[in-house]
Amino acid sequence: MLDKTLKQLSDGLAQGDFSSVELTTAYLDRIQQADSRYNAFVTVTGSQALDSARAAAARRAKGDASALTGLPIAHKDIFCTAGVRTSCGSKMLDNFIAPYESTATARLADAGMVMLGKTNMDEFAMGSSTESSYYGATRNPWDLEAVPGGSSGGSAVAVAARMAPVALGTDTGGSIRQPAAFCGITGLKPTYGRVSRWGMIAYGSSLDQAGPMTQTAEDAALLLNSLAGFDPKDSTSMERPVEDFLANLNQPIKGLRIGLPKEYFGEGLDPGIRAAVMDAVKQFEAMGAVVKEISLPRTELSIPAYYIIAPAEASTNLSRYDGVRYGHRCDAPTDLADMYMRTRADGFGTEVKRRILVGTYALSAGYYDAYYRKAQQLRRLIKQDFQQALADVDVILGPTTPSPAWKIGAKSQDPVAMYLEDIYTLSVNLAGLPGLALPCGFQSGLPVGLQLIGNYFDEARLLNIGHQFQLATDWHTRKPNL
Ligand code: GLN
């Protein structure tokens, strides 16, 4: 049962092969037995999950089941979940029980999905390795000494190690796609505005987007059908109809125009990753796609632009953690200033403090024009580069990451080395475009992911291409030994 995709489990439930309670119990047992090795979960909501599974069964008995009713899922611990601790991987929110439910998780709960628990992540989603969590590092099931990627590393590992059939992640600069690539699963970052951000703890509000982390593109389509859509509670959510992403999966891709950005295949790309991605390109050509080289000339500049804009937004978003209304408060403050200072000094970890300092500096009078405004100008140019490229091709294809998963600790003392690993993912968030990571091979025993980037709201096409690729290859079916 635990090796099945979400779609297979959905069919199995509909046919009565097993019940939602049996399915949920199997996943909870697996988490119980395996997660001490991986540390993918911060909180397991066992009894609540069994209650939801029973409610789902009752709903099914009444003939009121959707394709998702009774299916388990794990949520990154950045989504507020009513009555359940929502820590965002931080000591600051270690004691925070969310009083309300995020729109993304509420939509899936309304469809009848069963939450297994909340997954580990880099503190406040800042990082590319899931090492900066207050709850300790998460381990990659392909190599327990390697990072799973981040910041949604717990969600990626939950799926890769069969502790959940699917999970939700969030992506501000790569945090769905990069851990998906490192763990050998499929991850979709939708277009900015496609999925509501309401109730998702904010990091970089103009960049953050929630999305599915799954075994297959088909499963991502199944989840996106319920996740996507306008939400009056999120002013940046887009009011546009949501297509049936499953219905579009079987379009032939003959004649599809794929662009390979030369900047994504240059210096710094691991040769094993290049080889795996180029094999995938050959596969697409064999399926009738037409491939051409394109240019995204400001790719390198996405790193400095992102690492100004994201910290600037983070520094304002994180000013709310002041020890007054909720979350951590220091012991025995002597006065208000002492309370603010010590609360924030011991509530936040090193990387979060670094971002707050960088962001506050970039926004301060006298530096605003030099850094923040410059970064915004670059962001506009990066967006234009994509628009130009996408006028000639239907999708852009490249690697998701320049190297496979590194060893735990290898980059934690060198933040810039870690930031450079985000080179192929950041610009997609700066432009607000959708990106899909798909497993396409291995390098030294570790998974490699390719990335497809589409035009705005072209998720249906990305998932269609991903599904066709997965019909022709079996990388997505490879699983780590447990
Ligand atoms: N690694 C990037 C950062 O640290 C992206 C993280 C994310 O997408 N949440 O900001």
Side-chain angles (χ1 to χ4, degrees), residues 75-79 88-90 104 119-133 137-138 147-156 167-183 187-190 192 195 197 200-213 302-315 317-318 348-359 362 375 379 400-403 405-406 411-412 414-437 449 451 453:
H75 295 314
K76 184 178 183 179
D77 208 12
I78 196 169
F79 293 96
C88 221
S90 183
T119 61
N120 203 11
M121 52 182 286
D122 280 301
E123 186 178 4
F124 284 104
M126 298 169 190
S128 312
S129 65
T130 315
E131 293 168 284
S132 72
S133 169
T138 297
V147 300
S151 62
S152 315
S155 284
L168 272 195
T170 65
D171 192 314
T172 303
S175 284
I176 288 175
R177 292 160 287 156
Q178 185 255 21
F182 278 11
C183 293
L188 174 71
K189 180 206 103 68
Y192 184 78
V195 176
R197 290 185 297 110
M200 214 171 92
I201 294 176
Y203 163 17
S205 309
S206 74
L207 303 155
D208 298 340
Q209 188 61 197
M213 303 181 74
S302 65
I303 297 179
Y306 174 91
Y307 278 101
I308 291 292
I309 293 170
E313 294 185 10
S315 76
N317 275 327
L318 271 58
F348 290 135
T350 311
E351 185 58 26
V352 173
K353 285 180 190 155
R354 183 180 292 125
R355 305 279 178 115
I356 292 173
L357 286 174
V358 169
R379 182 179 191 169
T400 302
T401 63
S403 55
W406 55 87
K411 294 184 200 284
S412 29
D414 186 352
V416 175
M418 182 103 75
Y419 301 167
L420 293 173
E421 294 292 329
D422 296 337
I423 176 98
Y424 305 135
T425 49
L426 300 176
S427 55
V428 177
N429 300 70
L430 289 170
L433 294 167
L436 176 67
Q451 176 177 219
I453 303 165

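When a ligand or atom number is given, it counts from 1 through the structure's own listing order. Computed from a prediction, not measured in an experiment: that's the story for all the values here.
Between the Asn120 side chain and the Gly153 main chain, no donor and acceptor come within less than 3.5 Å of each other. A donor-acceptor pair under 3.5 Å links the side-chain atoms of Asp122 to the main chain of Glu131, judged by distance alone.
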Between Tyr203 and Thr170, is the side chain to side chain contact (heavy atoms under 4.5 Å, CB included) condition met? List the steps.
CA-CA 10 Å; Tyr203 163 17; Thr170 65; over 6 Å; no
Kindly determine whether Val147 and Met418 satisfy side chain to side chain contact (heavy atoms under 4.5 Å, CB included), including the steps that lead there.
CA-CA 12 Å; Val147 300; Met418 182 103 75; over 6 Å; no
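The protein residues lying under 4.0 angstrom from ligand 1, judged by non-hydrogen atoms, are Ala125, Met126, Gly127, Ser128, Ser151, Asp171, Thr172, Gly173, Gly174, Ser175, Tyr203, Tyr306, Tyr307, Arg355, Asp422.
When the options Arg379, Gln209, Arg177 are evaluated for a side chain to side chain donor-acceptor pair (under 3.5 Å) with Asn429, the one that passes is Arg177.
Applying the side-chain contact (heavy atoms from CB on, under 4.5 Å) criterion to Ser302, with sequence neighbours excluded, gives Ile382, Leu426, Ser427, Leu430.
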